[in-house]
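The structure appears below as structure tokens.
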2 protein chains.
Amino acid sequence: MKGYSQFCPVAKGAEIFNERWTPLIIREMMCGSRRFNDLKRGNPMMSPSLLSQRLKFLEQAGVVEKKTGNNESVEYSLTESGRDLGEVVTRLGLWGLRWARSRLTEDDYDPQLLMWDIRRRIDTSAFPPGRVVLSFMFRDMPSNRRAYWLVVENGDVDLCIKFPGFDVDLTFVTTSKTMADIWMGHTTIRKETSNGNLTLEGSRKLKSNIDDWFTCSVFSDPEALRESLT
Amino acid sequence: MKGYSQFCPVAKGAEIFNERWTPLIIREMMCGSRRFNDLKRGNPMMSPSLLSQRLKFLEQAGVVEKKTGNNESVEYSLTESGRDLGEVVTRLGLWGLRWARSRLTEDDYDPQLLMWDIRRRIDTSAFPPGRVVLSFMFRDMPSNRRAYWLVVENGDVDLCIKFPGFDVDLTFVTTSKTMADIWMGHTTIRKETSNGNLTLEGSRKLKSNIDDWFTCSVFSDPEALRESLT
DNA sequence: CGGTATCCCCCGCGATACTG
DNA sequence: CAGTATCGCGGGGGATACCG
């Protein structure tokens, strides 16, 4: 994007921030993604070349830092400037939560993206030792996007799009929209199980302490998020 | 701009906010511009058709309200949603002030834009009754962009790019960069007169109470601006 | 895994002119 | 003043293939 030829700080900020995908890349980093392919998984519709291009630009702009480990591994992270810019992202998200919710289209409810979000917010410390397998069935989706599994083990959570072969401890049966609404805090697991939009099948224990380990999106608690802004 | 196909509030917010010029249009409205041509003057590099297109989109997005008076006059204003989005703009500006200042190019110091900003922040209440004429001479500019006049009268401020024919009460002689730096609070009138980057010629009285009527950009006081955010 | 390299299309947007 | 109409191009960015 070409510049605005204005000295105004809003214009100079917009020259960096107001590009396609940029807030979403920063959002991913704020959520802890540091690897190229993780950033890409958080933005599946973005082409790798464009992601690469943006990362280079953001690095040059002092927002993102690229570190190459001695084992050739590459990590991206936010600089202090980038973390500051994160507050703009947060505020934009708070605005979107309040004012852009009505603009959600069917296309927006991508279950894979939802699962990727859920994956990184699962509180593994609330699980018993050993392996726990969760499965999610989205009734409204075509067969190739209907089923997902989360395998929780040793503090790690793996997202699978094919049956991992392990016994399933708890199954969520619902629609992508219901699940996303729960995720965003527009409704609760309790409400949606009551009205039948969500069915939980499996371990009674996992069901009973679900609020301990199923951590919703940071946007599900706008008040807390707002207070986290300086 | 096409959507992101993500339910995330940041993505939905970005679909509206992250378009070219959008933050600058909202900034203009936050500063009080309500007429089409005023919005355009605040963004001189933007083509009228694009401004029209953006206003239509922002209206449809519930950010901007268009009102047609009975005398066919048209006014644009921010809705509640738009004022909320203004906080994102403000925060982006605060970020730009701190982190994007080093990216300023020669092209950014447009004296006309600067004068348009100064014009609307002049505190007319601090002036004596009658007409006061200020002139600004930018030494670094070519002749067609070197001189501007502000005619203050009856609480109104008019910006002229040609000599208005009235006696001038006070003249600023400086460069566009020095003036912009004063405007943004990076330096002060006092400092720049001391070091010779700014010369004030004319009414001793207007010079002596210049801090009363020459009101700098809202971004010149970041602390106050930050506190204005909810 | 962590990107590049291409290709190509589309349309965003800048420029200019014009209208009521 | 408040826009619309038109035109043309540049490059943003989507898709896909490929590489070390």
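We name chains A, B, ... by the order of the sequence lines, and we start the count at 1 in each one. These numbers were taken from a predicted model, which means no experiment stands behind them.
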Whole-Å distance, A:Met45 CE to D:dA15 P, equals 6 Å
- prompt: Does the D:dA15 base have a donor-acceptor partner in the side chain of A:Ser49 within less than 3.5 Å?
  reply: yes
Rounded to whole Å, CG of B:Leu51 lies from P of D:dT4 at a distance of 10 Å
Per atom distances to the A:Pro48 side chain, the nearest of D:dA17, D:dT4, D:dG3 is D:dA17
| task | Ignoring backbone atoms, establish whether B:Ser47 has a side-chain N or O less than 4.0 Å from OP1 or OP2 of C:dA15. | result | no
Would you check if A:Phe166 and A:Val151 make a side-chain contact, meaning some heavy-atom pair closer than 4.5 Å? yes
On DNA chain C, more 5' by nearest nucleotide between B:Met46 and A:Ser73 is A:Ser73
Taken to the nearest 0.5 Å, the spacing of B:Lys66 NZ from B:Thr79 OG1 works out to 15.5 Å
A:Leu50 has its side chain closest, among C:dC13, D:dG14, C:dT4, to D:dG14
note: B:Asn18, atom CG; C:dC13, atom P; distance rounded to Å ~ 12 Å
Between B:Trp95 and A:Ser81 (side chain of the first, backbone of the second, donor and acceptor by atom type, cut-off under 3.5 Å), is there such a pair? yes
When rounded to whole Å, the CG to P distance for the pair A:Leu55 and D:dG13 reads 14 Å
- Respond yes when some side-chain nitrogen or oxygen of A:Lys56 is under 4.0 Å from OP1 or OP2 of C:dT4, and no when none is. yes
In whole angstroms, the gap separating C1' of D:dG11 from CD of A:Glu19 amounts to 12 Å
With the side chain defined as heavy atoms from C-beta on, B:Arg20 is closest, among C:dA5, D:dG3, C:dC13, to C:dC13
Atom CD of A:Gln53 and atom C1' of D:dG13 are separated, to the nearest Å, by 8 Å
Using 30° and 60° as the class limits, which term best fits the ring planes of A:Tyr76 and A:Phe36: parallel, tilted or perpendicular?
-> tilted
Can you classify the ring geometry of B:Tyr109 versus A:Phe7 as parallel (below 30°), tilted (30 to 60°) or perpendicular (above 60°)? parallel
Inset, instruction - Would you tell me if any nitrogen or oxygen in the side chain of B:Lys66 comes within less than 4.0 Å of OP1 or OP2 on D:dG3? - result: yes
Among the nucleotides D:dG13, C:dG14, C:dA5, whichever has the atom closest to the side chain of A:Arg54 is D:dG13
Residues of residues 31-44 of chain B with a heavy atom under 4.0 Å from any atom of DNA chain C, listed by number, are none
- Task: Indicate yes or no: at least one non-hydrogen side-chain atom of A:Val218 is less than 4.5 angstrom from one of A:Met30.
- Result: no
**Request:** Could you tell me whether the phosphate oxygens of D:dG3, OP1 or OP2, come under 4.0 Å of any side-chain nitrogen or oxygen in B:Ser52?
**Result:** no
Atom OH of A:Tyr4 and atom P of C:dC13 are separated, to the nearest Å, by 8 Å
Please evaluate residues A:Trp99 and B:Asp84 with respect to the criterion side-chain hydrogen bond (donor to acceptor under 3.5 Å, both in side chains), reporting the C-alpha separation (whole Å), side-chain torsions for both, the decisive distance (0.1 Å), and the verdict. CA-CA 9 Å; A:Trp99 294 105; B:Asp84 265 16; 2.9 Å; yes
